[in-house]
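Everything on this sheet refers to the single structure shown next.
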Amino acid sequence: MSKPSLPKSPDVIPDEKAISDAYNLPVLSHDGKSIRFGKIVDPKDGVITVIVIFIRHFFCSLDQDYVCSLPTSITPNVLSTLPLPIGPSRVVIIGCGDPSRILPYTIETSCEFPIFTDPTCRIYETLQMNKSLASSTRPAYMKHSLFSLIMRSVGQMVWSGFGAFKGGDFSQNGGEWIFRAGKCEWVHRMKTTSDHSTAEEMANVLKGKGNSHNEIERW
């Protein structure tokens, strides 16, 4: 049986200069400590492949639904047992708000993956991720009604007080990036506010099964 390899990237991978520039830019942990983005994606502790999920602002409740959905298909067992050349993998999430919003976001989503942030959006910009407030189709990972999502976002902002201004750029979209042995090999950039690659799709990509992008009914 042939060993799985990553399918063709659905979006253009930035050139080496852009990747190098991004590697030298900082991300921040929840306590404000700075670390180079390149260090985040470096292979270590036997992990070859790093999946970086860039999310929207920390108050985006649709993205919160997305992060909550990840463990349905991207489990520690799946990540640790991927055969070579993809090999053992880990997931890192990067937002674009103030680092003080990381811990509340972690609690809200019950996220077990490490979360960092790029409040300047310089990495997003260097890697040519899109800005848009347009929505497309209702994604499979959306588990609540649109009204419920809006009310949840508003409620979180109200309860956060001045933290409501620290969630990040509302127009900044993210995407999913796969780095293997420190090299960027697969990219999906969000075109709208609602088109992350689903957990199932990402698991299939990691298993070498293709690039399907599953979107369902209109809003």
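Reckoned from all heavy atoms, side chains included, excluding hydrogens, waters and symmetry mates.
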**Request:** Anything under 30° is parallel, anything over 60° is perpendicular, the rest tilted; go ahead and classify Phe54 against Tyr124.
**Result:**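 Judged by the thresholds at 30° and 60°, the geometry between Phe54 and Tyr124 is perpendicular.
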
**Prompt:** Under 30°, 30 to 60°, or over 60°: which ring-plane class applies to Trp177 and Phe179, parallel, tilted or perpendicular?
**Reply:**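 If you compare the ring of Trp177 with that of Phe179, the planes turn out parallel.
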
**Item:** Ser194 (side chain) donor-acceptor with Ser136 (main chain) under 3.5 angstrom
**Value:**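 Looks like yes, one N/O pair under 3.5 Å.
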
**Message:** I'd like to know if the side chain of Ser135 and the backbone of Thr193 have a donor-acceptor N/O pair within less than 3.5 Å.
**Reply:**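 Not confirmed, Ser135 side chain does not pair with Thr193 backbone.
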
Minimum side-chain heavy-atom gap [X]-[Y] below 4.5 Å:
X: His196; Y: Pro139; value: no
X: Pro104; Y: Gln156; value: no
X: Val205; Y: Ser197; value: no
X: Leu28; Y: Ser34; value: yes

Taking atom [atom1] of [X] as the centre, report whether more than 12 heavy atoms of other residues, nucleotides or ligands fall under 6.0 Å from it.
X: Lys33; atom1: NZ; value: no
X: Arg122; atom1: CZ; value: no
X: Glu108; atom1: CD; value: yes

**Request:** Test side-chain hydrogen bond (donor to acceptor under 3.5 Å, both in side chains) on Ser29 and Asp31 and set out the steps.
**Result:** CA-CA 5 Å; Ser29 60; Asp31 55 3; 2.4 Å; yes

**Request:** Classify the side-chain pair Ser100/Asp98 by whether it contains a donor and acceptor separated by less than 3.5 Å.
**Result:**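 Present: a donor and an acceptor within the cut-off.
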
**Message:** Checking side-chain polar atoms at under 3.5 Å, does Asp63 have a donor or acceptor matched by the opposite partner on Ser61?
**Reply:**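 No, Ser61 and Asp63 have no side-chain donor paired with an acceptor closer than 3.5 Å.
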
**Message:** Before you tell me yes or no, could you show the steps for Val92 and Ile115 under side chain to side chain contact (heavy atoms under 4.5 Å, CB included), namely the whole-Å CA-CA distance, both residues' side-chain angles and the distance that decides it to 0.1 Å?
**Reply:** CA-CA 6 Å; Val92 174; Ile115 302 178; over 6 Å; no

**Asked** Looking at Tyr105, Phe170, Phe165, which hits ring-ring contact (aromatic ring centres under 6.0 Å, His included) with His57?
**Response**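 Exactly one option meets the ring-ring contact (aromatic ring centres under 6.0 Å, His included) with His57, and it is Phe170.
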
**Asked** Hey, what do you get for CZ (Arg180) to CG (Leu206), rounding to the nearest 0.5 Å?
**Response**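 It comes to 11.5 Å.
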
